[in-house]
Every structure is written in C-alpha cells, then in structure tokens.
Q: 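Next up is a structure, given as structure tokens.
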Amino acid sequence: MEPLRRVCVVGSGNWGSAIAKIVGLNAGRNPRFDPTVTLWVYEETISGRKLTDIINTEHENVKYLPGHKLPQNVVAVADLAEAVSGADVLLFVIPHQFISRVCDAMRGRIKPDAVGLSLIKGVDEGPEGLKLISQVIREKLGISVSVLMGANIANEVAEEKFCETTIGCKDKVHGTLLKELMQTDRFRVTVVEEADVVEICGALKNIVAVGAGFCDGLNFGDNTKAAVIRLGLMEMISFARVFCSAGPVSSSTFLQSCGVADLITTCYAGRNRKVAEAFAKTGKTLAELEKELLNGQKLQGPATSSEVHLILKNKNLLDKFPLFTAVYEICYEGRPVHQFISCLQNHPAHL
C-alpha cells in the first residue's frame, strides 16, 4: 500500500487561500493523500489576533479571502520550516518577488523527492533577463516542478463558479497525481507537456493587461481593447518561440485556459488592468497605486515588462514587440501614456 502524500500550500494570500480550499476538500476525500493540508501563513496581526489563530479557529482567511470558509483539515502554520517538513507535494502560491528568499529558507527542510507545483504568475530576474519561477524553485530546491496557470480569479474559484485551468507537466505520473489533487467538478484541469509555454503565458499576459488598463483609463473603448488583446496574444506567441527555442511551442497550448482564456480574464478583471487604468487616469505612480488599491497584493505586469525588455534588447528584437515595449517605456521611461495607441497603429502583425 502506497504511503499517503502530504500536501503543503506555500502562501496564504487571496489565490493561495482559494487553492487551499480546493486541495483541502480533495485531500480529505482522496485516499492517496494525507487528509491534513498545511497552509504556510506569513504571520500578521488582525484586530489584535494572529492570522494563523483566526484561520485555525474560524477557518477563514479574514484578510485575503473573507467570506469563504476553508475546510477544517487545512491547518495554518506560521513557521515555514515546520509547514513544509515532511510534505510530498508543495504548492507555491506567493508573490513572485519573494520566491528566492522563501526557497532559501526551505532548503534542507524538504523531502528530496517532493513534487512542486508553481501557481505563481510572474518571473524572476536572471543575468539575461526573464527567468521562469519554476526554474528558480528547481535550481534552489532540487525538486521536480510543474506549473498551473489559467483564467482563475481567486474569489470566483472560492465561490465554486465553473472555470478551467492548465497544468504544464513533463512527467506523466506527476501530472496524473497533480490533476487528482487539483480537479473538481467546478475547477477543470487539462494537463499539457509544454510546461515552459504554460508558464510563459501566465507571466506575459500581465504585460498585455497593463496595456488593456491603459486603454480603459484613456477611454479608448472595447474595439481598441480587443485589438490590444489580439496583438498582445500575437506577441506572447512570438516571444515564447524566442524564449523556448530549445523546445516545442505549439499554437494549441495558447488555446488552453493558460493562454487566451487567462489573457481575456486578466485584461478585463485583473489587478494589473485595474492599476494601469488608475495610472492613466490619475497620474500617480505605480508604487503609490499598488499600495492604495491592492490590499497588500503585488503587481506583476510592469516588472515582467522590464525583464522581457532586457531579453528583447539583447536580441535586437524590440521593433518586433511594440506593445511589450510601449508598456515598458510608459512604466519605466516616462513615455506619456496617451502615446500607447501609436504602438498599435503600425504593429507588424498588421503588415
């Protein structure tokens, strides 16, 4: 009889808490998994009480996912080493800015044969620009890492509204295990082998969402926003073929939830779109708006545009990616936001 697999969710924000609800329910009823799911919580004090105490007594993350009960078998733990100790499956759901230091703190505290799954939509900075989060985890911890990306707004997932998601996994055995852990009747999982492409989609769509937010802030209308989404998808596909030159990049992966579906959702409802709209309307800085509007959550789109810009500049390809380049220049080089429309009018995808 195979041993029960213990699961730890590393991160307890909005998305991490929604995922904890899913895996808590699945682990509690699937005999392949230990019914107790550990949730690592960065400790905070809420109205004089520790957030971990609130979660473990009231079974609700009152700060990041209020109004949604977590299964009672989800146990919040403030000590990272304690939370990950003995885990067979590690789900990473933290802001991408913190992944390196969290992995450093986990090193030597986890099972060498643990299976990782990154749900982090962002990238890290490598010597030549963009570096995938799964690669960072793999290099620092020496474990197998797959990815999950899709059109998955956390509150809607927690409300059990139907949605799809994509797991990118090169190991079929791990893919089957992760699908069992994640899938429900309302959260449908498709497993594909092009893991790097799946992850690239999750990062790049945030750049396009910034452009969509600029459109909203400038009142360009839905026709223009649709053009931004289409041209952004074209640049996502082209960039994936540049970045993943050593492996296959099939158009079919972009038709999964991780691709076109996540792009549409993010361009209409995501935090990057929201902040970019306010940026265009108010003239405040991105840092000011992040603090003002996101309740402790972090922006990914602008930072990702910076990493992508470095790669494209090094390869002398900036002129092939005018939308990505315009987002970077508006966010970091002081280009007036009203000039964003000019990047669309002479886009190479029109030629």
Side-chain angles (χ1 to χ4, degrees), residues 5-30 33-87 89-99 102 117-121 148 150-163 165 178 180-189 265 269-271 274 290-299:
R5 290 170 171 81
R6 296 182 61 186
V7 180
C8 174
V9 181
V10 182
S12 58
N14 186 236
W15 185 214
S17 298
I19 286 300
K21 180 180 178 182
I22 287 176
V23 300
L25 290 171
N26 280 348
R29 60 195 177 197
N30 187 321
F33 298 98
D34 188 309
T36 299
V37 172
T38 305
L39 177 66
W40 176 61
V41 175
Y42 182 80
E43 192 69 278
E44 299 180 61
T45 301
I46 311 294
S47 301
R49 297 177 63 191
K50 291 182 178 179
L51 183 55
T52 50
D53 291 341
I54 296 172
I55 292 173
N56 288 332
T57 56
E58 299 173 19
H59 307 292
E60 180 182 350
N61 188 333
V62 295
K63 178 168 183 181
Y64 294 108
L65 196 66
H68 297 284
K69 291 295 182 182
L70 299 176
Q72 294 191 13
N73 59 314
V74 173
V75 178
V77 177
D79 184 87
L80 178 60
E82 179 186 345
V84 302
S85 177
V89 182
L90 295 161
L91 309 182
F92 295 87
V93 204
I94 57 175
H96 75 277
Q97 295 94 327
F98 306 136
I99 190 64
V102 167
L117 182 67
S118 172
L119 291 80
I120 301 169
K121 294 177 178 177
L148 182 149
N152 307 142
I153 295 172
N155 283 33
E156 294 183 12
V157 172
E159 291 163 9
E160 299 182 33
K161 295 179 178 178
F162 177 81
C163 69
T165 200
L178 294 169
E180 275 191 49
L181 178 63
M182 305 304 300
Q183 179 161 273
T184 72
D185 289 342
R186 302 293 181 89
F187 191 71
R188 305 303 294 172
V189 175
T265 299
R271 73 187 74 160
K274 178 181 180 180
E290 183 182 67
K291 290 179 182 178
E292 204 173 289
L293 299 175
L294 297 187
N295 188 36
Q297 294 178 306
K298 298 295 182 182
L299 274 182

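This is a predicted model, so every value here is computed, not measured.
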Q: Is any side-chain heavy atom of Leu91 less than 4.5 Å from a side-chain heavy atom of Met182?
A: yes

Q: Answer whether the closest heavy-atom distance between the side chains of Arg6 and Thr36 falls below 4.5 Å.
A: no

Q: Does Lys50 have more than 12 heavy atoms from other residues, nucleotides or ligands lying within 6.0 Å of its NZ?
A: no

Q: So, taking the atom named CD in Gln183 and the one named CG in Asn30, what distance separates them when rounded to the nearest 0.5 Å?
A: 12.0 Å

Q: Would you compute the distance between atom CG of Leu148 and atom CD1 of Ile19 and round it to the nearest 0.5 angstrom?
A: 6.0 Å

Q: Applying the side chain to side chain contact (heavy atoms under 4.5 Å, CB included) test to Val23, which of Val74, Val89, Val37 qualifies?
A: Val37

Q: Is there a side-chain contact between Phe187 and Val157, using heavy atoms and a 4.5 Å cut-off?
A: yes

Q: What is the distance from atom NE2 of His96 to atom CD1 of Ile94, rounded to the nearest 0.5 Å?
A: 10.5 Å

Q: Tell me, which pairs form a side-chain hydrogen bond (donor to acceptor under 3.5 Å, both in side chains) where one or both residues lie in residues 65-83, sequence neighbours left out?
A: none

Q: Would you say His59 and Pro71 make side-chain contact, with heavy atoms under 4.5 Å?
A: no

Q: For the NZ atom of Lys274 and the CG atom of Leu299, what is their distance to the nearest 0.5 Å?
A: 10.5 Å

Q: Could you check whether any side-chain heavy atom of Asn26 comes within less than 4.5 Å of a side-chain heavy atom of Phe33, counting everything from C-beta outward?
A: no

Q: If I take atom CG from residue Leu65 and atom NZ from residue Lys21, how far apart are they, to the nearest 0.5 angstrom?
A: 8.0 Å

Q: Within a 6.0 Å radius of atom CZ on Arg49, are there more than 12 heavy atoms belonging to other residues, nucleotides or ligands?
A: yes

